[in-house]
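Right, one structure below, let's go through it.
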Amino acid sequence: DAKTTQPNSMESNEEEPVHLPCNHSTISGTDYIHWYRQLPSQGPEYVIHGLTSNVNNRMASLAIAEDRKSSTLILHRATLRDAAVYYCILSLIQGAQKLVFGQGTRLTINP
Amino acid sequence: DARVTQTPRHKVTEMGQEVTMRCQPILGHNTVFWYRQTMMQGLELLAYFRNRAPLDDSGMPKDRFSAEMPDATLATLKIQPSEPRDSAVYFCASGGGGSYEQYFGPGTRLTVT
């Protein structure tokens, strides 16, 4: 499984944008980039995924570098509820695939 | 609002006892995953099933752990005998059936004393 590298922690202020980076220099052409997050005392939840093009959904945006060796999850206006551990994961999509979680980035939001 | 359910939510048991954790995947999902989370190891995949057939259980200690899907609405994870090092939160997730997302349950917090 290709590896991802994320900062251990980040901090931001409420109502400001947050950019969470992820490096995946060994990504293969068939790997999708997934982001999940885990709120305190809950199971992980899906945030967004993409292959080559930038993606937007109601939760976040995913910006993928042209060479696909890195990506950035963007929370446009962080709220206190966005405080969580964010995981960047590479996986094939052929139906549901197993996820290999790293340590993720612990995001703290200051009021 | 379809959800993955897990029972029990909390379990405290003594070393050597059998533990059974249950998961009800979302209706229509054909893939079920078992993960374990500890402070030291983080989230790790134990096993997963597709269409009730085991696909990969390489993350599971075979001598004491077993995972089954008796039917499409129930997945079980058993530990026999349990040991203190099995203390963790066990998550079940389901996906597939046209969905690329995995939906996680609330977890079973297991404490083995």
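Naming: A, B, ... by sequence-line order, numbering from 1 per chain. Keep in mind it's a predicted model, so treat the numbers as computed, not measured.
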Heavy-atom count around A/Asn8 CG within 6.0 Å, excluding the residue itself: above 12?
no

Any donor-acceptor pair under 3.5 Å linking the side-chain atoms of B/Gln37 with those of A/Gln38?
yes

Shared ILVMFWY cluster between B/Tyr48 and B/Val4, side chains joined below 4.5 angstrom?
no

Most contact-rich option vs chain B, by heavy-atom pairs under 4.5 angstrom, among A/Gly104, A/Ser91, A/Pro44, A/Gly43, is A/Pro44

A/Tyr36, part contacting chain B, at a heavy-atom distance under 4.5 Å:
side chain

Could you tell me whether the side chain of B/Gln102 and the main chain of A/Gln97 form a donor-acceptor pair under 3.5 Å?
yes

To the nearest 0.5 Å, atom NZ of A/Lys98 lies from atom CG of B/Leu46 at 12.0 Å

Residues, nucleotides or ligands: over 12 heavy atoms within 6.0 Å of B/Arg64 CZ
yes

Shortest non-hydrogen separation from A/Leu99 to B/Leu45 and the atoms involved:
O-CB, 4.5 Å

Aromatic centroids of B/Tyr35 and A/Phe101 separated by under 6.0 Å:
yes

Got a sec: does the CZ of B/Arg109 have more than 12 other heavy atoms crowding it under 6.0 Å?
no

What pair of heavy atoms forms the shortest contact from A/Gln42 to B/Phe91, and how long is it?
O-CZ, 3.8 Å

Is it the case that one hydrophobic cluster holds both A/Leu20 and A/Met59, taking links as side-chain heavy atoms less than 4.5 Å apart, direct or via other members?
yes

Cluster link A/Tyr32 to A/Ile89, ILVMFWY, side chain under 4.5 Å:
yes

